[in-house]
Amino acid sequence: MRAPAALALAALFAVLALAVARAWDVSGEQVSDVPLYRTYGERIAGGEVPYRDFRLEYPPGALPALVLPALVTGGAEAYEWTLAALLAACGAGGLLVLWRLLAALGRPARTQLAVLGLVALSPLVLGAVLLTRFDLVPAVAVAAATLALVRGRDRLGGALLGAAIAIKLYPLVLVPLAAAWTWRRLGRRRALESVALCAAVVVLAYVPFLLMAPEGVASSVGRQLGRPLQIETLGAGILLALHQVTGLSVEWSSSHGSQNLDGVAAAVLAALGTLVQVSALAAAWVAFARGPVAADRLVRFLALALAVFVAFGKVLSPQFLVWLLLAVPLVAGAAGRRAGVLYAVACASTALWFPASYWELVKELDPLASWLVLLRGLALVGVVAALAGLLTATGRARARSPSPGPSADRT
């Protein structure tokens, strides 16, 4: 696929993202984190130190994206659209990284065009969150790290993965896969160097704030780890469905920056989800380390780890779908096609109720929104199953076999 076509599709992504963001803004129904970002950015621009002078829930790597619009603009609307422009440009850059990844993986030009075309149109369903949260930034950093790993530039890949973690913590689940990939191809020493570079970038991002406000940093990390069951998760979707069918009492409250379900059942489902999440991640790491060393397999397991983390977590905000936007389209074969369709279902089922009906879901337990939350959760579980090979004949054969051979790992 030639560069002009890729550039045109990247531009289309940016234009659509800005247009859809504007449409939601005019509608008055947008649920946005931008006012919070502006508060953080303006306080830092005014000389305050995050974690010390005010509580900040995000890792320090997120600060440049939040502070820059505050440094070059004044007023709420100017901040909003400066941030939107930056994120649109970031997303366009991510599309170009995806193009180079597809080429590095040996995908035909026709496949590259189809994949990039679909991603370029993704703002039509994800546009409510693409430019009102900064999740495009870590997603692009992860894609860049993946490109470096596929091209054999393991040290750069480790550093970029560290940058992604410093922006938002979730790429931590990819470190064991990146380490195993480098170890199997280049040896233990290179793998340790790559992991060390990854850790060094994260440490460098945190150290200044740890020195100035260790309690504030610890509180920020602990706040994320201790979150309750968010109302948009798979577990919450199960309870919401039971409420619609059986009249099960469901209570909610606001904390940790989200709306969450209360009660014993919610706590049990949150714990079970975490157990499944951790177990599935560990299984994916071990399976990848034991299987064949191939770039197609690397991108599939990277997408699988992200999908597991999103699908079974006790927090699942709509912007978490952005984490998969540049990962799932890399997967080829039956697994990739099935995962792509199910990912599209998850995105579409979210767009049908968020943000327009979000507060109806929270305050009234709106029936349609409740079922769509469950559908989104089940679709994401389907993405996990597809990427794990459980929705293909190969995967079913592997599940029946007590000792699969190397070829069983391919989908």
Are the side chains of Thr132 and Gln30 in contact, using a 4.5 Å heavy-atom criterion?
yes

Supply the atom-to-atom distance Leu302 CG to Leu330 CG, rounded to the nearest 0.5 angstrom.
9.0 Å

Backbone N/O of Leu321 and side chain of Tyr343: donor-acceptor pair under 3.5 Å:
yes

Heavy atoms, side chains only, cut-off 4.5 Å: are Leu98 and Val115 in contact?
yes

Using the benzene-type ring in the case of Trp, are the ring centres of Phe134 and Tyr58 under 6.0 Å apart?
yes

Between the side chains of Asp154 and Ser194, is a donor N or O closer than 3.5 angstrom to an acceptor N or O?
no

Looking only at non-hydrogen atoms, find the nearest pair between Gly162 and Val202 and report the distance.
O-CG2, 3.4 Å

How far apart are the closest heavy atoms of Pro59 and Ile167, and which atoms are they?
CD-O, 3.5 Å

Just do the side-chain contact (heavy atoms from CB on, under 4.5 Å) check on Leu56 and Arg43 with the steps written out, would you?
CA-CA 11 Å; Leu56 178 69; Arg43 294 186 72 167; over 6 Å; no

Once rounded to the nearest 0.5 Å, what's the spacing between atom CG of Leu304 and atom CG of Leu177?
8.0 Å

Any heavy-atom pair between the side chains of Phe312 and Val381 that's under 4.5 Å?
yes

Can any side-chain N or O of Trp99 pair as donor or acceptor with the backbone N or O of Leu95 at less than 3.5 Å?
no

Do the non-hydrogen side-chain atoms of Leu118 and Pro329 ever get within less than 4.5 Å of each other?
no

Testing the basics here: between Ala339 and Leu387, what is the closest heavy-atom pair and its distance to 0.1 Å?
CB-CD2, 3.7 Å

Expected output: side-chain Ser220 to main-chain Gly216 donor-acceptor under 3.5 Å:
no

Can you find a pair of side-chain heavy atoms, one from Trp359 and one from Glu364, that are under 4.5 Å apart?
no

With side-chain contact (heavy atoms from CB on, under 4.5 Å) as the criterion, how do Leu9 and Met1 come out once you've worked through the C-alpha distance, each side chain's angles and the decisive distance to 0.1 Å?
CA-CA 12 Å; Leu9 290 172; Met1 179 178 173; 3.6 Å; yes

Go through the steps to decide whether Trp81 and Asp25 satisfy the test side-chain contact (heavy atoms from CB on, under 4.5 Å), and finish with yes or no.
CA-CA 11 Å; Trp81 289 107; Asp25 189 54; 4.2 Å; yes

Measure the CZ-CG distance between Arg107 and Asp296 for me, rounded to the nearest 0.5 Å.
4.5 Å

Taking the side chain from Arg100 and the backbone from Ala144, do they hold a donor-acceptor pair closer than 3.5 Å?
no

If you draw a 6.0 Å radius around CZ in Arg153, do more than 12 non-hydrogen atoms from other residues or ligands fall strictly inside?
no

Got a second to check how far Trp323's CH2 is from Leu136's CG, nearest 0.5 Å?
13.0 Å

Short side-chain to backbone donor-acceptor contact, Thr233 and Ala236, under 3.5 Å:
yes

Mind checking whether Leu324 and Leu380 have side chains closer than 4.5 Å, heavy atoms only?
yes

Hey, what do you get for CZ (Arg185) to CG (Leu149), rounding to the nearest 0.5 Å?
8.5 Å

Has Arg297 got a side-chain atom pairing as donor or acceptor with Pro292's backbone, closer than 3.5 angstrom?
yes

Give a yes or no on whether Arg55 atom CZ has more than 12 heavy-atom contacts from other residues, nucleotides or ligands under 6.0 Å away.
no

Can you tell if the side chain of Leu261 reaches within under 4.5 Å of the side chain of Ile231, non-hydrogen atoms only?
yes

Can you check whether Val150's main-chain N or O pairs, donor with acceptor, with Trp181's side chain at less than 3.5 Å?
no

Between Ser349 and Ala346 (side chain of the first, backbone of the second, donor and acceptor by atom type, cut-off under 3.5 Å), is there such a pair?
yes

Correct closest heavy-atom pair for Asp262 and Trp252 would be OD2-C, 3.3 Å

What are the two closest heavy atoms between Ala205 and Pro60, and how far apart are they?
O-CG, 3.3 Å

How close do Val49 and Met212 get, counting heavy atoms only, and between which atoms?
CG1-CE, 3.7 Å

For the side chain of Ser27 and the backbone of Trp24, is there at least one donor-acceptor N/O pair under 3.5 Å apart?
yes

Determine, step by step, whether Arg133 and Tyr37 satisfy the side-chain contact (heavy atoms from CB on, under 4.5 Å) criterion, reporting the C-alpha distance in whole Å, the side-chain angles of both residues, the deciding distance to 0.1 Å, and the verdict.
CA-CA 9 Å; Arg133 279 83 174 167; Tyr37 297 165; 3.8 Å; yes

Could you give the distance from OG1 (Thr146) to CG (Leu161), rounded to the nearest 0.5 Å?
8.0 Å

Using a 4.5 Å cut-off on heavy atoms from C-beta on, say whether the side chain of Leu7 contacts that of Leu96.
yes

Once you measure the plane-to-plane angle for Phe354 and Tyr358, does it fall in the parallel (<30°), tilted (30-60°) or perpendicular (>60°) bin?
perpendicular

Using modelled atom types only, decide if a donor and an acceptor are shared between the side chain of Arg300 and the backbone of Gly336 within a distance under 3.5 Å.
no

Do you know which of Glu251, Lys314, Glu232, Gln230 makes side-chain contact (heavy atoms from CB on, under 4.5 Å) with Asn260?
Gln230

